[in-house]
Enquirer: 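There's a structure below that I have some questions on.
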Amino acid sequence: MNKNLNELSKFLSYILRHQPESIGIHLDSDGWVNIEYLVEQANKHNQFLTKEILYQIVETSDKKRFTISENGLEIRAAQGHSTKQVNINHIESTPPEYLYHGTASRFIESIKKEGLISGQRHYVHLSRDQQTAGAVGQRHGKPVVIKIKALLMYQQGYKFYLSDNGVWLVKNVPGEFLIFD
Ligand code: HQG
């Protein structure tokens, strides 16, 4: 993805996950917004965006961060929200025996005390494989991958959700389900 598209992708993530009000738009509770309206409002706030560019960002997103609705008229971020406007009904699903969480070494002490918490976001994000988790952890510093006893959690009543783009979501992970190597 070229630099400009990458920057616009970050802008879209910011608007569709965190601060829709910063360009005067409102997301529905499932996170959707009309594409034409989004493009219009983005331009009003000095972001040069067209429908064509938006489709290009969606198609080239390495993590498939954005989803276009079936009728092609709306867009939403697949996961990662912090905005209170949104409360997506993600698909509840049975997790595999283990899932992985990538973080930075400086957070480990606190995670050992509190377990994994979602912070600003609505959920803790878990990955299906260690490699993906490693890449997530790298964003924050020296990466550490934590193994999660996901199926055991599920059997004990914790709900797991699978987002449109394959990220596993859970409200929190208490320390007893974490495995540190
Ligand atoms: C850490 C990316 C201290 C947690 C990725 C993480 C992901 C704690 C940080 C998505 C803690 C939150 C989300 C505790 C958790 N004490 N630190 N008790 N519990 N943490 O960015 O999971 O590229 O909100 O380990 O692919 O890193 O944006 O979450 O390091 O799916 O599309 O608190 O973002 O996607 O950081 O990343 P974040 P995340 P995009």
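Note that ligands are numbered from 1 as they come in the structure, with each ligand's atoms numbered from 1 the same way. Because the structure is predicted, anything quoted here is derived from the model rather than measured. Just so you know, residue 1 is the first one in the sequence shown, and it goes up from there.
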Enquirer: Only heavy atoms of L116, strictly under 4.0 Å: list the atoms of ligand 1 that pass.
Expert: 15 (C), 19 (N)

Enquirer: Could you find the nearest protein heavy atom to atom 11 (C) of ligand 1 and give me its residue, atom name and distance?
Expert: I111 CG1, 3.5 Å

Enquirer: My understanding is that we take every heavy atom of each candidate and find the minimum distance to atom 18 (N) of ligand 1. Doing that for G115, A77, S127, which one comes out nearest?
Expert: G115

Enquirer: Suppose I only count heavy atoms of E114 and a 4.0 Å limit; which atoms of ligand 1 are within that range?
Expert: 14 (C), 16 (N), 18 (N)

Enquirer: Evaluate whether atom CD of E92 has more than 12 neighbouring non-hydrogen atoms of other residues, nucleotides or ligands under 6.0 angstrom away.
Expert: yes

Enquirer: What is the nearest protein non-hydrogen atom to atom 7 (C) of ligand 1, stated with its residue, atom name and distance?
Expert: H125 ND1, 3.5 Å

Enquirer: Go through F48 and L8 one step at a time and tell me if the side-chain contact (heavy atoms from CB on, under 4.5 Å) criterion holds.
Expert: CA-CA 9 Å; F48 178 71; L8 279 171; over 6 Å; no

Enquirer: Just need the protein heavy atom nearest to atom 26 (O) of ligand 1, so name the residue and atom and give the distance.
Expert: K63 NZ, 2.8 Å

Enquirer: Can you classify the ring geometry of H140 versus F107 as parallel (below 30°), tilted (30 to 60°) or perpendicular (above 60°)?
Expert: perpendicular

Enquirer: Could you pull out the closest heavy-atom pair between L12 and F66, with the gap in Å?
Expert: CB-CZ, 3.7 Å

Enquirer: Give me the residue, atom name and distance of the protein heavy atom closest to atom 6 (C) of ligand 1.
Expert: H140 NE2, 3.9 Å

Enquirer: For atom 34 (O) of ligand 1, what is the nearest protein heavy atom, given as residue, atom name and distance?
Expert: R139 NH2, 3.4 Å

Enquirer: Tell me whether ligand 1 is touched by R17 - counting only heavy atoms on the residue side and a distance under 4.0 Å.
Expert: yes

Enquirer: Does any part of the side chain of S22, heavy atoms only, come nearer than 4.5 Å to the side chain of H45, both counted from C-beta?
Expert: no

Enquirer: At what distance is the nearest protein heavy atom to atom 16 (N) of ligand 1, and which residue and atom is it?
Expert: S110 OG, 2.6 Å

Enquirer: Just to confirm my output: which protein heavy-atom neighbour is closest to atom 29 (O) of ligand 1, and how far is it?
Expert: R121 NE, 3.7 Å

Enquirer: Of all the heavy-atom pairs spanning G31 and I88, show the shortest one and how long it is.
Expert: N-CG1, 4.4 Å

Enquirer: For E109, does the CD atom have more than 12 heavy-atom neighbours from other residues, nucleotides or ligands under 6.0 Å away?
Expert: no

Enquirer: Among all protein heavy atoms, pick the one closest to atom 19 (N) of ligand 1 and tell me residue, atom and distance.
Expert: I117 N, 3.1 Å

Enquirer: Identify the two heavy atoms, one from H18 and one from S82, that lie closest to each other, and give their separation to 0.1 Å.
Expert: ND1-OG, 2.7 Å

